[in-house]
Amino acid sequence: MIDYDEVEINRFTRTFTDPDMEAGYLEDRWEKNKRFIRTVVIAGHFLFYPIIIDDVNQLGPGVSNVPVTYFIPFILSFPITWMLILREDLLKEHYSNYFTFVNMAFMLNGAYYYNLDHSATFPPGVIVVPLTILLFFMLYPINFLNSLLLVVTSSTGFLIYLSNIDLIENSQIFYVYGMPFAYGGFVKWSNENNRRLDYWKNVELNLLSIKAESASKAKSEFLANMSHELRTPLNAIIGYSEMLIEEAEDDELDNYVQDLSKVHSSGEHLLSLINEILDLSKIEAGKMEMYIEEFDFNLHLDQIEATAKPLIEKNHNKFVIDKPNDIKNLTNDQTKLRQILFNMLSNAAKFTKDGVVTLAVSNYGDKIRFAVSDTGIGMNPEQLGKVFEEFTQAESSTSKNYGGTGLGLPISKKIAEMMGGIMEVESEEGKGTTFSITIPVVVSEVKK
């Protein structure tokens with residue numbers, strides 16, 4: 001149920017009660033329909049020429065027999081029409097009133113002066129019907145009140161004509177007025193209402209979108225700027241806990257070592273979570289920087305193996321690396337590349353037990369592909385669909401059973417795209433998963 005008080009649309013005139021909202025709506029209508037409006041003005045203007053000629057033939061042989069007053073509406077309308085055709089600013093401001101009063105004048109003028117002539121090309125009845133259709137069953141560019149005025153005028157003009165030629169009785173007057181109101185008036189009223197509601201909804205959605213975007217940007221910028229403030233005390237806690245562990249071990253205080261190790265482990269875990277959130281915020285705020293340099297490919301892979309192997313073997317998994325021999329160097333941000341590969345490897349290690357984790361590297365000339373495959377629990381199609389969504393695990397129990405924030409893979413995907421590459425996933429439930437990135441061998445431009 002639409003709350004009309006909320007959207008502030010007048011129940012009777014179908015206009016916004018807020019002047020700024022009404023002005024915005026009219027501006028929106030003009031921008032969408034200005035070509036149509038100008039076309040209607042030009043087409044309608046040239047249509048009057050054959051109508052005038054036909055009227056002259058109906059009113060009597062020769063122009064001299066036509067009352068001079070008949071030509072007054074046409075004489076007045078011509079310069080006004082051409083002014084609107086040539087001046088878009090004037091057309092924008094006055095088109096609604098122009099359509100209303102010019103059509104009213106011509107309809108009443110023609111209806112008053114018409115004589116019965118069965119040979120007439122444009123008798124009034126033939127004009128009124130398409131005019132009504134144009135007003136109410138097409139996109140006619142005037143508001144509801146102007147349309148209502150034209151309905152009254154069109155019906156009155158037709159009624160005058162029918163009365164003059166004795167083709168209507170008093171009992172039929174209701175139908176002449178009733179039909180245009182019943183069809184045209186209702187349709188126009190309804191259309192105008194729906195257009196304004198649609199416009200109001202679009203305005204509200206745009207405002208909400210702008211607010212959400214501003215809030216998200218402010219959040220991202222805040223977290224990105226807080227990077228140093230958040231990491232510094234955590235690094236201090238981790239550093240001091242390491243020192244205290246060493247002193248406790250030297251003093252053989254085993255109970256303290258165990259407790260301090262928990263402090264150190266918790267600090268490391270918290271730091272990794274904060275790092276992921278800050279990385280995501282930096283990417284969203286456009287502040288993620290990449291340091292492109294040339295580095296040794298094999299040395300880089302050895303470092304990744306040394307870091308990831310203990311984590312993979314923790315769950316009794318076998319770690320296999322399959323790499324080509326023809327790649328010597330890469331040009332990239334080796335820290336960010338290491339972060340992506342370690343995320344993929346740690347993800348595989350987490351969801352695989354007593355299985356195999358494989359890092360396969362393929363050379364495609366100017367591109368290189370890193371694929372991490374495992375023989376773990378795998379994912380179904382529904383889980384695959386949201387694997388790259390931020391703060392989302394494959395299923396609700398995943399975070400509880402395996403831990404994690406659900407940010408590692410989304411961040412890896414965004415960084416891979418910044419490198420000019422793509423990240424893909426293939427999986428089958430119960431048979432394992434393969435995450436891969438394909439990136440340039442030489443990254444020359446960072447994409448934001």
Side-chain angles (χ1 to χ4, degrees), residues 272 275-276 279 283 288 290-379 384 387-388 394 404 407-428 431-447:
S272 67
N275 284 339
E276 287 183 347
D279 282 344
I283 293 171
M288 174 64 79
M290 297 187 67
Y291 302 95
I292 308 300
E293 59 181 344
E294 187 176 1
F295 56 90
D296 187 284
F297 166 74
N298 290 296
L299 179 60
H300 184 75
L301 218 56
D302 290 341
Q303 293 173 347
I304 292 171
E305 181 182 9
T307 305
K309 192 172 183 179
L311 181 65
I312 293 172
E313 292 178 345
K314 182 179 179 181
N315 283 341
H316 310 288
N317 296 312
K318 181 180 178 182
F319 187 25
V320 177
I321 295 181
D322 181 11
K323 62 179 181 178
N325 297 319
D326 55 346
I327 300 178
K328 301 300 180 183
N329 296 314
L330 297 178
T331 301
N332 203 329
D333 185 326
Q334 60 176 325
T335 301
K336 296 291 189 299
L337 180 57
R338 184 185 300 114
Q339 179 181 350
I340 294 174
L341 296 178
F342 187 74
N343 273 333
M344 293 195 300
L345 289 167
S346 62
N347 194 67
K350 183 164 57 176
F351 296 107
T352 306
K353 291 183 178 180
D354 300 313
V356 178
V357 175
T358 303
L359 172 58
V361 185
S362 304
N363 182 11
Y364 294 100
D366 59 341
K367 292 186 179 294
I368 185 171
R369 181 175 185 264
F370 296 88
V372 175
S373 303
D374 64 62
T375 56
I377 60 176
M379 291 179 283
L384 272 174
V387 71
F388 291 120
L407 286 177
L409 292 173
I411 290 173
S412 298
K413 184 175 184 293
K414 290 178 184 292
I415 295 176
E417 290 170 353
M418 289 176 65
M419 295 174 177
I422 58 172
M423 188 173 192
E424 299 171 300
V425 58
E426 297 176 5
S427 185
E428 186 175 348
K431 295 186 177 181
T433 304
T434 298
F435 283 96
S436 67
I437 60 167
T438 303
I439 57 174
V441 173
V442 177
V443 176
S444 56
E445 181 179 356
V446 177
K447 298 183 179 181

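These numbers come from a predicted model, not from an experiment. As a basis for the values below, the full set of heavy atoms in this structure was taken, side chains included, without hydrogen atoms, waters or symmetry mates.
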Legend entry - Atom pair CG (Asn298) and NZ (Lys328), whose distance is rounded to the nearest 0.5 Å: 6.5 Å

Just list the side-chain donor-acceptor pairs under 3.5 Å for residues 364-374, sequence neighbours left out, or say none.
from, atom 1, to, atom 2, distance (Å)
Arg369, NH2, Ser436, OG, 3.3
Ser373, OG, Thr434, OG1, 2.9
Asp374, OD1, Gly376, N, 2.9
Asp374, OD1, Thr433, N, 3.2

Legend entry - Minimal non-hydrogen separation, Asp296 against Leu299, with atom names: OD1-N, 2.7 Å

Inset, instruction - Evaluate the side-chain proximity of Gln339 to Asn343: yes if any heavy-atom separation is below 4.5 Å, no if none is. - result: yes

Legend entry - Flag if over 12 foreign heavy atoms under 6.0 Å of CD, Gln303: yes

Legend entry - Residue pair Met423 / Glu417, side-chain heavy-atom distance below 4.5 Å: no

Legend entry - Side-chain heavy atoms of Val442 within contact of Glu294, under 4.5 Å: no

Legend entry - Side-chain donor-acceptor pair present, Asn317, Thr352, cut-off under 3.5 Å: no

Legend entry - Closest non-hydrogen atom pair, Leu311 against Ala349: O-CB, 4.0 Å

Legend entry - 4.5 Å side-chain heavy-atom contact, Leu301 and Glu305: no

Legend entry - Atom pair CZ/OG1 of Phe351 and Thr375 - distance to nearest 0.5 Å: 14.0 Å

Legend entry - Lys309 NZ: over 12 foreign heavy atoms closer than 6.0 Å: no

Inset, instruction - Decide yes or no for Met344 and Leu359: does some side-chain heavy atom of the first lie under 4.5 Å from some side-chain heavy atom of the second? - result: no

Legend entry - Audit row: His300, Ile304, side chain to side chain contact (heavy atoms under 4.5 Å, CB included) steps and yes/no: CA-CA 6 Å; His300 184 75; Ile304 292 171; 3.5 Å; yes

Inset, instruction - May I ask you to check whether over 12 heavy atoms, not counting those of Asn325, lie within 6.0 Å of atom CG? - result: no

Legend entry - Pairwise side-chain contact, Leu337 with Phe295, heavy-atom cut-off 4.5 Å (strictly under): yes

Inset, instruction - Could you tell me whether the side chain of Met419 reaches within less than 4.5 Å of the side chain of Ile437, counting heavy atoms only? - result: no

Inset, instruction - Report the distance from atom NZ of Lys413 to atom CE of Met418, rounding to the nearest 0.5 Å. - result: 13.5 Å

Inset, instruction - Rounded to the nearest 0.5 Å, what's the gap from NZ on Lys336 to CD1 on Ile292? Could you check? - result: 9.0 Å

Legend entry - Non-hydrogen side-chain atoms of Val443 and Asp333 separated by less than 4.5 Å: no

Legend entry - Phe435 side, atom CZ; Asn347 side, atom CG - distance, nearest 0.5 Å: 5.5 Å

Inset, instruction - Find the distance between CD1 (Ile327) and CG (Asn363) and round it off to the nearest 0.5 Å. - result: 4.0 Å

Legend entry - Taking every non-hydrogen atom, the tightest pair across Ala308 and Leu345: CB-CD1, 3.8 Å

Inset, instruction - Work out which heavy atom in Met379 is nearest to a heavy atom in Val425; give both atom names and the distance. - result: CE-CG2, 4.1 Å

Inset, instruction - Give every residue pair that meets the ring pair (Phe, Tyr, Trp, His ring centres under 6.0 Å) criterion with at least one member in residues 309-347, sequence neighbours excluded. - result: none

